[in-house]
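Below is one structure, written out as C-alpha cells; the observations come after it.
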Amino acid sequence: MQITSFKQYEEDYKKSVENPEQFWGEVAQNFQWRKPWFKVLSWNFNEPNIKWFEGAKLNITENCLDRHLATNGDKPAIIWEPNNPEEESVTYTYKMLHERVCRFANVLKRNGAKKGDRICIYMPMVPELAIAVLACARIGAVHSVIFGGFSAKSIADRINDSQCKVVITADGSYRGNKQIPLKDVIDDALIGCPTVEKCIVLTHIRTPVSMLKGRDVWWEDEVKHVNDTCEAEEMDAEDMLFILYTSGSTGKPKGVVHTCGGYMVYAGYTFSNVFNYKPGEVYFCTADIGWITGHSYIVYGPLSQGATSVLFEGIPTYPTPSRFWDIIEKHKVNTLYTAPTAIRSLMSYGDEPLNGKDLSSIRVLGSVGEPINEEAWHWFDEKIGHGKAPIVDTWWQTETGGIMISPIATVTPTKPSFATLPLPGIQPILVDENGNEIEGNGVMGNLCIKFPWPGMLRTTYGDHERCKQTYFSTYENLYFTGDGCLRDEDGYYRITGRVDDVLNVSGHRIGTAEVENAINMHAGVVESAVVGYPHDVKGQGIYAFVIYPEMHGEAELSKKDILQTVTRVIGAIAKPDKILFVSGLPKTRSGKIMRRILRKIAEGDTTNLGDTSTLLDPGVVEEIIAATKTL
Ligand code: WT7
C-alpha cells in the first residue's frame, strides 16, 4: 500500500481515477475485516448519499490494536510526554494499550453505554484520552471529543445536539504553568444537559471537584470493577464512528459525521503514504485530539499502521521554547507534524532555543491547518530538517477525514507554501463563481472535489439538509471545500485561504457569525461585525467592530468585559484580538454588512476600499477609519 516512486504515484493516481472501486478495494485489503463488502462504492452528491465498502463488517480497534498483538505486542504504541518535563514520560505498548482499552470499554458498558450511544469526551492530552476514544469505538459507541478550550456553554450545545448519554472528563488539565479545571466546566455544562446519565472522571491534577451522587464516578474506581476482556462490537462499514463539531459560516457549529470503514481505510492509507512511515520509527504529531488532526494522525491513522505515536500534553513554549526540540532529542523522533502557527511562534525566539539540540533523528516534517508562509517553510526546512527532511504541507479539513492534497514524503516533490499534488483517489477541480470548471494551469478558483473518497463526511449530525446545503449545493455535483486555491504552471496546488466567513486563528477554525453572536450576547451591545486580519503568529487575528453606545465605564474595561462574555459563550480561543467601538457599520441598502470594506480596514489598507456608493450611509466608513487611529 506504500507508494515508493513518483512513477508509482502517477500510476496509482491514474488507476484511482479510472477505476476507483478497484483502487480502493485493493487498498482496503490491507485492513482487517470481519466480513468483506459486496460493493466498494455507491454515491451521489445530490442527496448526498455516500457509501463505502457496503456490507462489510469490522471494528476499527481490531485494526488499531488486536491485529498488532501477535507480532508487535511489545512495540510502543503511544509515548506520552507530560506537560512537566521533570515528570517521567510513559510508554504504552500495543499489548498494554489493548488491555487498557478493553478494560475501559467494560467500564463504559458498566455505566450503561452501548452501541450507537453518543459519548462526549472532554479531557487533557493524556493517554486516557486515546484510551477513551478507542474504548468508545470498541463497543460501537459514537465519540464526540470536545477540545479542552471550549466553554461550558459550547459543551452543553454540543452535548445536546447529539444527545450524549455519557461524559468522560478529568478533574483538570495542565497547560504550561496553568491549570484548567475541566470538571468544573463540565459541571456548569451539565446543568443544561438532561440526556447525560453518567460522568466518568479521571484524576489527573487532583484538584478538588464536586462529584454528584448517582451521576459522577471516578475512572480509577471504575476500572477496578471490571476485567480486561472485551470482545469488539461488530460494526457495519457505514455505522457512525464519531462526531466532531466544527465551525461554518453560521453561528451554530455542526457535527461532522465519520463512519467506520471508509474513515479507517483513508486515515491509515494517508498516514502510511504521506509520512512515508517506516516500521520502528517514532512519529510526533503536536495537534490536540480535540481536533480532527489528532483523531486521524495521533490515534487512528498511526495505530492502524502499528506505528509509535507521541502524545504530548503540554505546549511548545513550556518550560522554554526548546520544548519540541527536547522531545525530539529525548524520544528520537523521526517525523514531526505540526502547525504553521507553532512554527512561526518558535521562529520568533531565534536560534538560541535550538543550540545544542540533537535533531538528527528527523527524517520527515509536516505542516497542517493553515497556509504556511515561505519564511516559516524555509526556517522549518533549514533549522529543523537541516535541508534533508521533506516537508509535507498537508491540506485537508475536518470534513475530509484525512489528508487530501499533499506531497508524499521522499516520493513526490515539495514546493514552499504549496500543498502540491492530490493524493491518489482525490480529484480536485477549480471552479469560478458560477461553478464552471477552470481548466489548465496558472489559474485560481474555488476548490471543489468532484469524486468521493473513503474518508469524506457522510452527514452533519441530526441535520442532513445542512450537510447538503453547506457542502453539496453551492455547485452542482461537487463537494465545495470553502477554500480558494491557485493551480500554478506546474499543476501544483496552493491553498490561499477560506472564501467564506470562516476564520483560521492559530489553526483553530472559528466562524465570524459565532463570534458575533457571542459579542451580541453582551448586555448593551447593539450589533457587531467580525472579520479576520493577517496576524504574524496566529495566521489570522480576530477583529471585532462593535456598536456599544452605553458602555459600562472606560472603553478599555468595557472591551475586557466583552472578552469575558466571548470566553463564557465560546471559549478563550475565540477572543477577538482587537475590538473597535463604532457608531455604525457599513451596510448596503438592504441591510447587509459589507464585510469586504471592514476586512480592508482591519488589514490597515484604507486606500482602496472599492465602490462604497451602494452603502446606506457612506459617511460611516470615514468615521470607522478615523476610529481605527485610536486603537
Ligand atoms: C481548513 C480546515 C485539516 C486539519 C486541521 C484543520 C485550512 C488546513 C491547510 C494547508 C492551507 C489549510 C483550510 C481548510 N487548511 N490545512 N495545508 N494549507 N490551508 O482542519 O479545522 O477543519 O480546517 O484549514 O482553510 O479549509 P479544520
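Keep in mind that this is a model prediction, so the values were computed, not measured. Index from 1, following the sequence. Ligands are counted one by one from 1 in listed order, and the atoms in each one are counted from 1 as well.
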Contact atoms of ligand 1, heavy-atom distance to I292 under 4.0 Å
4 (C)

Just let me know how E370 lines up against ligand 1, side chain, backbone, both or neither, with a heavy-atom cut-off below 4.0 Å.
backbone

What about S367: any of its N or O atoms under 3.5 Å from an N or O on ligand 1?
no

Can you list the atoms of ligand 1 that are under 4.0 Å from a heavy atom of N504?
7 (C), 24 (O)

Polar-atom distance check: T246 versus ligand 1, any N or O pair below 3.5 Å?
no

Inspect the surroundings of CZ in R568 and state if more than 12 heavy atoms from other residues, nucleotides or ligands are less than 6.0 Å away.
no

Suppose we measure from atom 3 (C) of ligand 1 to each protein heavy atom; which comes out shortest, and what is that distance?
W396 O, 3.1 Å

Which atoms from ligand 1 have a heavy atom of D393 less than 4.0 Å away?
10 (C), 17 (N), 18 (N)

Quick check with a 6.0 Å cut-off and a 45 degree axis cone: is K254 positioned over the face of Y461's six-membered ring?
no

What are the atoms of ligand 1, with element, lying closer than 4.0 Å to any heavy atom of T394?
9 (C), 10 (C), 16 (N), 17 (N)

Run through W453, F53, F451, Y266 and flag the one making a ring-ring contact (aromatic ring centres under 6.0 Å, His included) with W24.
Y266

Just checking E465: does its CD atom have more than 12 heavy atoms from other residues, nucleotides or ligands closer to it than 6.0 angstrom?
yes

So, regarding T293 and ligand 1 (criterion: nitrogen or oxygen to nitrogen or oxygen, under 3.5 Å), is there a contact or not?
no

Check this for me - ligand 1, D483, N or O atoms closer than 3.5 angstrom, yes or no?
yes

Logged contact type for V502 with ligand 1, heavy-atom cut-off 4.0 Å, is neither

Atom 6 (C) of ligand 1: which protein heavy atom is closest, and how many Å away?
G369 CA, 4.1 Å

How far is atom 23 (O) of ligand 1 from its nearest protein heavy atom, and which residue and atom name does that atom have?
R509 CD, 3.5 Å

G497 near ligand 1 by a heavy-atom separation under 4.0 Å
no

Interfacing atoms of ligand 1 (cut-off 4.0 Å, heavy-atom, I495):
11 (C), 19 (N)

For ligand 1, is there an N or O atom under 3.5 Å from any N or O atom of E399?
no

Tell me whether R599 forms a cation-pi arrangement with Y533, defined as NZ or CZ under 6.0 Å from the six-membered ring centre and within 45 degrees of its axis.
no

Close side-chain approach of L241 to T259, heavy-atom, < 4.5 Å:
no

State whether F418 and K415 meet the cation-pi test: NZ (Lys) or CZ (Arg) under 6.0 Å from the six-membered ring centroid, and within 45° of the perpendicular axis.
yes

Checking the N or O distance criterion of under 3.5 Å, is ligand 1 in contact with G507?
no

Stepwise salt bridge (charged side-chain N to carboxylate O under 4.0 Å, His left out) test for K252 and D161
CA-CA 10 Å; K252 192 173 163 252; D161 185 73; 3.5 Å; yes

Where the side chain of N46 meets the backbone of P48, is there a donor-acceptor pair that is under 3.5 Å apart?
no

Is the shortest distance from a Lys or Arg side-chain nitrogen in E437 or R487 to a carboxylate oxygen in the other one below 4.0 Å?
no

Out of curiosity, is P371 lining ligand 1, as in a heavy atom under 4.0 Å away?
yes

Run the numbers on R323 and E81 for salt bridge (charged side-chain N to carboxylate O under 4.0 Å, His left out), then give the verdict.
CA-CA 11 Å; R323 190 64 195 276; E81 173 69 22; 2.6 Å; yes

